[in-house]
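Working notes for the structure below.
The figures here come from the full heavy-atom set of this structure, side chains too, leaving out hydrogens, waters and symmetry mates. Chain letters run A, B, ... following the sequence lines, proteins first and then strands; every chain starts at 1. Just so we're clear, the structure is a prediction, and the values are computed from it rather than from any experiment.
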Number of protein chains: 2
Amino acid sequence: MLSNVQTSKTIKSTKEKILEAALELISRYGYKGASVRKIAKAVGVRESAIYNHFKNKDEIFQEILKSLFSSDFSDFFEKKPIEENAKKGKKFLMEYAATVKLATFDPKHEKLFKIVLLELMQNKEVREQFLNYFYDNNIKKLSHVLFLMMQEGLIRQSDPMLMAREFFAPLFYLRLEVTLLRVDEKSTVTLSTMFEKHVEFFWESVAVRA
Amino acid sequence: MLSNVQTSKTIKSTKEKILEAALELISRYGYKGASVRKIAKAVGVRESAIYNHFKNKDEIFQEILKSLFSSDFSDFFEKKPIEENAKKGKKFLMEYAATVKLATFDPKHEKLFKIVLLELMQNKEVREQFLNYFYDNNIKKLSHVLFLMMQEGLIRQSDPMLMAREFFAPLFYLRLEVTLLRVDEKSTVTLSTMFEKHVEFFWESVAVRA
DNA sequence: GTCTATAGAGAGATAGAC
DNA sequence: GTCTATCTCTCTATAGAC
């Protein structure tokens with residue numbers, strides 16, 4: 001697990017250090033570009049020492065893969081019953097967008113997102129996790145909430161699945177753009193306000209006026 | 001230029017063959033994964049022969065880079081004056097979506113799109129071309145058309161730039177999903193109808209009812 | 001568990017014969 | 001313009017001493 005890496009004062013084991021260095025390097029250079037040499041150097045050990053903790057390079061990557069899609073929204077939908085969320089209407093969508101925005105600018109999540117982008121075309125596992133993750137955790141659950149909102153009469157009738165995609169896609173594209181700009185350390189101020197603007201526009205598009 | 005590669009009956013020069021093989025291999029394995037060895041093998045010559053046509057591997061990639069963003073929409077906005085497009089309303093948006101759909105399923109464009117995805121995080125040039133291309137050729141020009149549609153009273157008043165993003169992002173996300181599915185030769189039938197559905201939904205969201 | 005040393009494969013690129 | 005041969009570098013991974 002990479003989750004308790006940040007727990008301060010922890011005396012990191014070599015294994016933890018390897019995972020940390022690998023995450024950093026792979027998010028920068030991709031799987032191929034992040035050589036065992038570079039990882040070892042970043043940790044401060046010899047290459048051979050790596051193999052005391054992992055069978056091979058791929059096992060390091062597999063360990064990181066586990067945390068790729070586990071964090072962002074794992075408990076976003078769980079913390080409150082979905083019916084409650086639906087009643088909140090626009091407020092819920094704002095919270096959702098805020099969660100995406102947070103993940104976009106959070107260093108750890110940013111690294112994981114970069115790895116997804118880097119390996120999406122190369123790694124079948126990443127590809128399938130990507131498609132499933134966004135489908136299940138975003139489109140599918142979103143569509144459920146939207147369906148309930150339709151029943152509440154808050155938003156207009158439409159295909160909930162389609163509507164969920166329409167809500168989700170601009171957030172994804174926004175996240176992609178921000179991530180790319182940040183790679184080159186370019187300003188993202190214009191884009192960072194777009195998360196909220198998107199929700200406003202979307203709500204304007206679907207809300208049923210009383 | 002890669003543009004006349006398809007001209008049938010052409011006796012392809014070695015240089016053309018190299019570019020063709022490189023396009024294929026890079027779109028599959030990325031720049032790093034497409035080694036000069038593999039390219040030479042695909043062409044049917046020795047590695048050293050490659051260097052008679054290109055200074056180095058990077059020069060091959062640069063040649064391909066040129067065609068990355070040149071094709072899709074280069075003349076889509078040019079063939080008709082923008083004012084005419086605006087008057088067509090929903091019909092114009094349908095044509096636009098159809099163009100994206102066509103590019104999504106066209107083998108040549110698909111390869112180029114894959115290369116963009118593969119190198120987006122690795123190559124600064126690709127990154128900048130990506131951001132500029134989608135901004136200029138899509139968001140910016142789209143926003144112009146949408147602005148005119150607002151003036152015609154066809155659609156509701158809003159920030160044209162924001163609206164252009166809202167129209168564009170779902171198409172991009174759709175293209176991404178389709179491309180990923182096709183890598184693993186999975187069915188894309190459900191998604192392929194989404195291009196039109198998106199336009200319907202969008203129009204429903206912005207159209208001014210008479 | 002870390003080190004040195006090394007194997008073995010694959011990468012990009014060049015020299016020189018034909 | 002293509003070939004053979006070769007150089008040099010980097011990569012993943014292992015053996016064996018400490």
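- One can place OH of B/Y29 at 14 Å from P of C/dG10, the figure rounded to the nearest angstrom.
- Following rounding to the nearest Å, B/I11 (CD1) and D/dG1 (C1') show an atom-to-atom distance of 17 Å.
- Taking the ring centre of A/Y31 as origin, the terminal cationic atom of A/K57 falls inside the region bounded by 6.0 Å and 45° from the ring axis.
- In this structure, B/F172 has its ring center no closer than 6.0 Å to that of A/F172.
- When rounded to the nearest whole Å, the span between CD of A/E16 and C1' of C/dG1 equals 16 Å.
- Separating the OG atom in B/S205 from the CD1 atom in B/I155 is a distance of 11.0 Å, to the nearest 0.5 Å.
- The stretch residues 33-51 of chain A touches DNA chain C through A/V45, A/R46, A/S48, A/A49, each having a heavy atom under 4.0 angstrom from the strand.
- In this structure, B/Q129 has no side-chain hydrogen bond (donor to acceptor under 3.5 Å, both in side chains) partners at least two apart in sequence or on a different chain.
- Rounding to whole angstrom units, CD1 of residue B/I60 and P of C/dA13 are separated by 9 Å.
- Between A/H53 atom NE2 and D/dT14 atom P there is a gap of 15 Å when expressed in whole angstrom units.
- In this structure A/L102 satisfies the side-chain contact (heavy atoms from CB on, under 4.5 Å) test with no other residue, sequence neighbours excluded.
- Atom CZ of A/F54 is separated from atom P of C/dG1 by 12 Å (rounded to the nearest Å).
- Considering OG of B/S192 and NZ of B/K197, their distance stands at 9.0 Å, rounded to 0.5 Å.
- Distance, A/D58 CG to D/dA13 P: 8 Å, rounded to whole Å.
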